[in-house]
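We count residues from 1, following the sequence as given.
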Amino acid sequence: MRILFLSLVALATFGLTGCSLIGENKFKQVNYYDLGTPVNRSLPNVTVQFTNFRALEAAKYKMVYHTEQSRVLIDDYNKWIQTPAFMLNRNLQFAFCQPPGSSPAPTDHIYLISGTLFTFKIDLEKNQTVLGVSYVIQQRGKEALPPLVDKSVRYVSKFEKHDGLYFARSMTRTVEQLADDIQKDIKNLESKK
């Protein structure tokens, strides 16, 4: 009986101290990132409206890294604040919104932009982010006609360090390149009127 009691005490002591012998399970903070605040690109007497971009990327909020040729890593500790398609849409809507007090644009100066986000990747091998988007620009009220602009574009931006903040800054630069091209397209359409 005494041996059984001592065995139970030894087992309980080992059980209570075993966790400290095995090591601590350290807490790892999850970091969330967003695209930066865009420059306002609104044009006088022109309204630009975006429909939600469709996404072809599989991962939702988690940052996805591409290494080697076909290897993909998903990061559980660095995440986007929204899905990439929603962040892209929100960023573009903010970039092209009219300032308060602006007069409404005439119907023939209202453009509808829709598209598909087909690449939103962080390439660790080349130290760059890649944004790939197909988009169309149509005039309000003439959606049944062929689009005024129909493009499939890809933008690349380098990052300096393998870190979520640097990835987010780099991806913001690719979205700015897209916004620049959309603004040029709209200016070109307006110049033809």
Side-chain angles (χ1 to χ4, degrees), residues 32-64 66 72 79-123 126 128-159 167-193:
Y32 291 91
Y33 297 94
D34 195 1
L35 297 173
T37 304
V39 174
N40 187 295
R41 299 172 191 285
S42 64
L43 300 168
N45 299 317
V46 173
T47 298
V48 181
Q49 299 172 339
F50 292 87
T51 61
N52 289 332
F53 277 74
R54 198 169 63 106
L56 299 180
E57 288 286 318
K60 300 232 181 249
Y61 298 94
K62 296 177 182 179
M63 287 191 174
V64 178
H66 295 254
V72 176
K79 298 181 180 184
W80 298 108
I81 196 85
Q82 290 180 306
T83 62
F86 281 138
M87 284 192 306
L88 175 64
N89 195 22
R90 181 175 42 86
N91 189 282
L92 291 172
Q93 284 182 357
F94 190 76
F96 287 93
C97 69
Q98 291 293 330
S102 299
S103 55
T107 306
D108 62 333
H109 295 275
I110 298 175
Y111 298 98
L112 306 174
I113 300 178
S114 59
T116 301
L117 173 64
F118 61 84
T119 301
F120 194 89
K121 85 177 182 180
I122 300 165
D123 187 330
K126 295 179 181 174
Q128 64 188 21
T129 55
V130 182
L131 173 71
V133 177
S134 295
Y135 68 94
V136 296
I137 301 177
Q138 296 176 297
Q139 190 171 339
R140 163 75 71 64
K142 297 184 179 181
E143 293 89 354
L145 296 176
L148 302 170
V149 174
D150 188 348
K151 287 186 175 180
S152 187
V153 291
R154 183 176 169 269
Y155 304 96
V156 175
S157 177
K158 293 283 189 185
F159 53 80
F167 302 151
R169 287 177 180 165
S170 180
M171 193 59 78
T172 298
R173 288 191 295 271
T174 64
V175 173
E176 288 171 355
Q177 293 171 27
L178 171 62
D180 276 343
D181 280 354
I182 290 172
Q183 185 181 41
K184 287 175 191 169
D185 290 338
I186 292 171
K187 283 181 177 179
N188 184 39
L189 293 170
E190 284 292 300
S191 71
K192 294 176 182 176
K193 291 186 176 186

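Distance CE/Met63 to CZ/Phe120: 8.0 Å, rounded to 0.5 Å. Rounding to the nearest 0.5 angstrom, the gap separating the OG atom in Ser42 from the CD atom in Gln183 is 8.5 Å. Annotation: the span from Tyr33 atom OH to Lys79 atom NZ amounts to 13.0 Å, rounded to 0.5 Å. Atom-to-atom distance recorded for Phe159:CZ and Asp123:CG is 7.0 Å, nearest 0.5 angstrom. In this structure, OG on Ser102 lies 11.0 Å from CG on Leu43, to the nearest 0.5 angstrom.
When all heavy atoms of Met171 and Val130 are compared, the pair lying nearest together is CE-O, 3.9 Å. When every heavy atom of Tyr32 is checked against every heavy atom of Trp80, the shortest pair comes out as CD2-O, 4.0 Å. Across all their heavy atoms, Leu112 and Arg140 have their closest contact at CD1-CA, 4.2 Å. Between Ala105 and His109, the shortest heavy-atom contact is CB-O, 3.9 Å. For the pair Thr116 and Phe53, the tightest heavy-atom approach, listed with the atom from each and the gap, is N-CD2, 3.8 Å. For the pair Gly36 and Thr172, the tightest heavy-atom approach, listed with the atom from each and the gap, is N-OG1, 2.9 Å.
Within 6.0 Å of CZ in Phe118 there are more than 12 heavy atoms belonging to other residues, nucleotides or ligands. Under a cut-off of 6.0 angstrom, the local environment of NZ in Lys126 is sparse, with at most 12 non-hydrogen atoms contributed by other residues, nucleotides or ligands.
Between Gln139 and the choices Thr107, Leu145, Leu148, the side-chain contact (heavy atoms from CB on, under 4.5 Å) rule is met once, by Leu148. Screening Val136, Ile182, Ile113, Leu189 for a side-chain contact (heavy atoms from CB on, under 4.5 Å) involving Val149 leaves a single residue, Leu189. Tested against Phe50, the residues Tyr135, Phe96, Tyr111 include a single ring-ring contact (aromatic ring centres under 6.0 Å, His included) partner, Phe96. With Asn89 as the fixed residue, the side chain to side chain donor-acceptor pair (under 3.5 Å) test singles out one of Thr83, Thr51, Asn52: Asn52.
A donor-acceptor pair under 3.5 Å is absent between the side-chain atoms of Ser157 and the main chain of Thr129, judged by distance alone. Distance alone, capped at 3.5 Å, places no donor-acceptor pair between the Gln128 side chain and the Val156 backbone. A donor-acceptor pair is defined here as one N or O able to donate and one able to accept, closer than 3.5 Å; no such pair exists between the side chain of Gln93 and the backbone of Val48. No donor-acceptor pair closer than 3.5 Å links the side chain of Gln98 to the backbone N or O of Pro44. The backbone N or O of Val175 sits nowhere less than 3.5 Å from a side-chain atom of Gln177 that would complete a donor-acceptor pair. Side-chain atoms of Ser191 come within 3.5 Å of backbone atoms of Asn188 as a donor-acceptor pair (strictly under, hydrogens ignored).
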*Derivation of the side-chain contact (heavy atoms from CB on, under 4.5 Å) call for Val64 and Lys121*: CA-CA 6 Å; Val64 178; Lys121 85 177 182 180; over 6 Å; no
Quiz prompt | Stepwise side-chain contact (heavy atoms from CB on, under 4.5 Å) test for Asp180 and Arg41 | solution = CA-CA 8 Å; Asp180 276 343; Arg41 299 172 191 285; 2.4 Å; yes
- [ ] Just do the salt bridge (Lys or Arg N to Asp or Glu O under 4.0 Å) check on Asp185 and Lys151 with the steps written out, would you?
- [x] CA-CA 10 Å; Asp185 290 338; Lys151 287 186 175 180; 2.8 Å; yes
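The closest side-chain heavy-atom distance from Asn45 to Ser103 is below 4.5 Å.
Remark: Arg90 pairs with Asp34 by the salt bridge (charged side-chain N to carboxylate O under 4.0 Å, His left out) rule, at least two apart or across chains.
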